[in-house]
Amino acid sequence: MPAHTTHVPPAEAVTPTEAVAPAEAVAPLLRGIAVLRRLTEAPDGTRSLSALEKTTGLARSTVDRLTATLARMGYVRLDGRDVTLAPRLMELGNAYLAALRLPALLSARADALADELDESVSLAVGDRDGVRFIHQATRRRAMSLSFRIGDLLPAERTAPGPLFATQWTDPDWHRWRSRRAADPADRTFPAVPPRQHPTPDDDFVLRTSTAASDGYALDDQLIEPGLVALSVPVRDLRDPGTGRLACVASVVSHTSRHTAPDLRTTLLPRLRAAVTAMETDLRTAAPPAPGPPRTDLATWTGASKQELGREFVESLARGLTVLTAFGEGRSALTLTQVAKATGLARATARRALITLTHADLVTPAPDATFTLTPQVLSLGFPPLSRTSLPEIAQPHLTALADRVHESTSLAVLSDSGEEIQYTARASAPHVLSARVTLGTRLPAHATALGRVLLAHPEVRARGYALVDEELEAGLRAIAVPVHDRTGRVTAAINVATHPARRTPTACETELLPELSRTATAIEADLRVAGRFVHVPST
């Protein structure tokens with residue numbers, strides 16, 4: 001990798017990362033990464049095009065081309081002048097989490113501990129001088145945690161931080177002190193409230209020393225008043241001589257339930273027992289079998305460039321697809337393996353890896369391999385990790401309503417199994433159309449949505465249900481199921497019309513193909529979004 005850098009002249013505004021990039025770095029890739037990071041920092045994952053122009057310092061024409069490319073990839077959604085992160089973007093964070101393997105191996109233990117203690121439990125990894133969450137098992141209470149998978153916190157304001165700091169080198173400590181001096185209020189950490197009363201550096205040094213001797217660490221309201229946490233390191237015991245931290249497990253509560261000393265006294269033994277089981281799982285886990293790589297990516301980006309022309313930034317698309325070359329059984333890849341996995345030319349893959357290394361998304365190892373860093377989660381994962389099924393479905397329903405000019409809805413089965421509940425819908429511009437308020441419940445047996453969810457033998461065999469004026473005169477509806485990652489029917493979508501507009505046969509020949517196409521698109525997003533996080537159905 002070249003050590004020298006190049007300074008871009010000020011004729012075109014550039015991102016700070018781009019300004020000191022290696023000479024072989026791909027500028028459009030760095031600019032696209034900057035756009036994704038600015039979107040991730042927005043509270044709801046949405047910014048206007050003009051806001052992206054302002055926050056990135058890029059020309060509006062550049063922002064337009066970058067967002068058009070990201071939209072083509074399914075990573076963002078364009079809605080007028082707004083750009084919104086889309087669930088498909090989570091495939092980048094999924095690649096990191098799959099390569100890491102920790103969520104797949106340890107999340108069940110964390111979830112069981114949360115159930116046992118009736119407290120929130122998290123798993124976190126170190127990210128330079130910060131801490132990034134990779135799994136959350138939260139309790140649903142009026143007072144509950146707002147941290148998300150992928151959120152980055154300053155190490156000194158957390159319980160896991162001192163444990164990770166026990167393995168910091170002198171350059172790590174120097175970087176931490178430099179960051180503290182440059183950002184005393186922690187404004188570069190949007191997941192935490194700004195620091196009101198900065199503490200001396202020596203406080204964290206002392207906490208780190210104490211954590212090294214105690215084998216655990218406490219957070220006594222360091223993030224904000226009322227929040228307390230207890231953390232224990234999870235070590236990778238496959239190489240006992242190193243004592244390397246694989247991650248840190250934490251129990252998180254608030255002072256109305258536990259004080260910090262009370263957490264230590266009452267919950268530390270059970271947390272340690274869970275961590276011991278986690279370490280056993282890590283030590284005894286069978287080596288992962290690598291899944292098939294997506295070797296068609298280079299062909300797809302080439303075809304997209306051919307179709308969209310200048311509006312498609314091929315170097316951005318190809319650079320981001322390099323991240324998806326990694327995954328379970330592919331945690332460390334050589335340049336040759338990356339090129340083979342993506343179908344990219346070796347020179348193209350090399351420049352992408354140089355760029356991604358500069359952006360701190362990839363790190364090289366002495367054995368000539370590359371691995372993903374936790375910062376891959378900074379590309380949209382935190383806001384998207386809280387996405388619900390209705391939020392995933394809504395843009396697809398809106399597009400469906402626009403195509404067929406009829407109202408469409410998403411519904412789930414109630415707990416009793418006797419009713420359906422409407423959770424998302426899109427209307428059509430008709431004077432006479434089906435209008436249902438979100439949250440409305442109707443008898444399942446009398447609706448097309450309900451019959452799909454109940455999956456009677458005939459409906460299951462056909463794959464859809466058609467109800468003709470059974471619930472109400474003048475209402476004809478056709479519905480299909482929506483499956484989750486496991487193949488289970490988790491919801492249903494329908495199109496409702498008036499009998500004067502479409503016959504039953506027309507519903508089957510005209511609406512059913514479009515309805516099925518929409519269900520397939522929702523399921524594709526749901527598979528990506530639900531790989532490492534729970535996607536609520538309501």
Side-chain angles (χ1 to χ4, degrees), residues 37-45 47 55 85 93 119-139 141-165 168 172 175-201 203-205 207-208 211 217-231 247-260 263 360 373-386 533:
R37 283 175 166 161
R38 298 298 83 77
L39 287 170
T40 303
E41 292 164 2
D44 56 355
R47 287 188 190 270
T55 55
L85 297 173
E119 299 288 354
S120 296
V121 173
S122 66
L123 301 176
V125 294
D127 188 352
R128 305 185 71 172
D129 60 341
V131 169
R132 202 175 290 272
F133 293 108
I134 59 168
H135 182 74
Q136 291 274 19
T138 57
R139 303 292 89 183
R141 298 193 180 101
M143 290 294 292
S144 59
L145 298 179
S146 61
F147 293 137
R148 307 160 301 185
I149 296 176
D151 270 335
L152 179 68
L153 279 62
E156 68 276 11
R157 292 178 66 182
T158 69
L163 295 167
F164 287 116
W168 283 1
D172 294 329
R175 180 172 54 242
W176 173 75
R177 290 188 170 90
S178 298
R179 187 262 295 167
R180 293 256 298 172
D183 181 25
D186 294 335
R187 298 193 181 277
T188 54
F189 294 88
V192 297
R195 187 191 300 271
Q196 299 297 319
H197 305 289
T199 57
D201 288 359
D203 283 10
F204 184 59
V205 175
R207 289 180 60 217
T208 300
L218 286 172
D219 165 8
D220 191 355
Q221 308 178 77
L222 294 170
I223 292 176
E224 66 180 15
L227 182 66
V228 292
L230 169 69
S231 294
C247 63
V248 167
S250 304
V251 176
V252 188
S253 187
H254 56 82
T255 51
S256 296
R257 293 177 60 83
H258 293 280
T259 64
L263 273 181
D360 292 325
T373 75
Q375 290 200 36
V376 174
L377 295 174
S378 72
L379 303 181
F381 210 90
L384 290 171
S385 69
R386 290 288 178 88
V533 302

Q: Report yes if the side chains of V228 and T255 come closer than 4.5 Å at any heavy-atom pair, otherwise no.
A: yes
Q. For A260 and L218, which heavy atoms make the closest approach, and how far apart are they?
A. O-CD2, 3.6 Å
Q. How far does OG1 of T40 sit from CG of D151, to the nearest 0.5 angstrom?
A. 10.5 Å
Q) Counting distance only, does the side-chain N/O of R207 pair as donor-acceptor with the main-chain N or O of E156 below 3.5 Å? A) yes
Q: Among T158, D129, D127, V131, find the residue that satisfies the side chain to side chain contact (heavy atoms under 4.5 Å, CB included) test when tested with F164.
A: V131
Q.
Can you tell me how far apart CZ (F381) and CG (L85) are? Round to the nearest 0.5 Å.
A. 12.0 Å
Q: Verify, without hydrogens or angle tests, whether R132 (side chain) and V125 (backbone) share a donor-acceptor contact under 3.5 angstrom.
A: no
Q. Heavy atoms, side chains only, cut-off 4.5 Å: are R195 and F189 in contact?
A. no
Q: Taking all non-hydrogen atoms of both residues into account, name the closest pair between R187 and P194 and its distance.
A: NH1-CG, 3.6 Å
Q: Run the numbers on T199 and F204 for side chain to side chain contact (heavy atoms under 4.5 Å, CB included), then give the verdict.
A: CA-CA 8 Å; T199 57; F204 184 59; over 6 Å; no
Q.
Run the side chain to side chain contact (heavy atoms under 4.5 Å, CB included) test on L377 and F133 for me, step by step, so that the C-alpha distance in whole Å, both residues' side-chain angles and the decisive distance to 0.1 Å come before the verdict.
A. CA-CA 9 Å; L377 295 174; F133 293 108; over 6 Å; no
Q) Is there side-chain contact between W168 and T208, with heavy atoms separated by less than 4.5 Å? A) no
Q) Where do S385 and P382 come nearest, in terms of heavy atoms and distance? A) OG-O, 2.7 Å
Q: Taking all heavy atoms of L227 and all of S253, pick out the closest pair and write down the distance.
A: CD1-O, 3.5 Å
Q. How far apart are the closest heavy atoms of P198 and P184, and which atoms are they?
A. CG-O, 4.2 Å
(Q) Using every non-hydrogen atom in the two residues, find where I223 and R157 come nearest and quote the distance to one decimal. (A) O-NH2, 2.7 Å
Q. Going from CG on L263 to CZ on R257, what distance comes out if it is rounded to the nearest 0.5 angstrom?
A. 10.0 Å
Q.
For the CZ atom of R38 and the CD atom of E41, what is their distance to the nearest 0.5 Å?
A. 4.0 Å
Q: Calculate, to the nearest 0.5 Å, the distance between atoms OG1 and CG belonging to T259 and D220 respectively.
A: 7.5 Å
Q.
Strictly distance-based, threshold 3.5 Å: is any side-chain N or O of R148 a donor or acceptor partner for the main-chain N or O of A191?
A. no
Q. Are any side-chain N or O atoms of R175 and backbone N or O atoms of R128, one a donor and one an acceptor, separated by less than 3.5 Å?
A. no
Q: Give, for atom CG of L163 and atom OG of S231, the distance between the pair rounded to the nearest 0.5 Å.
A: 6.0 Å
Q. Judged by atom type as modelled, is there a donor-acceptor pair below 3.5 Å linking the side chain of S250 to the main-chain atoms of V252?
A. no
Q. Would you say D219's side chain and Q221's backbone share a donor-acceptor pair under 3.5 angstrom?
A. yes
Q.
Could you tell me if the side chain of R386 sits less than 4.5 Å from the side chain of Q136, heavy atoms only?
A. no
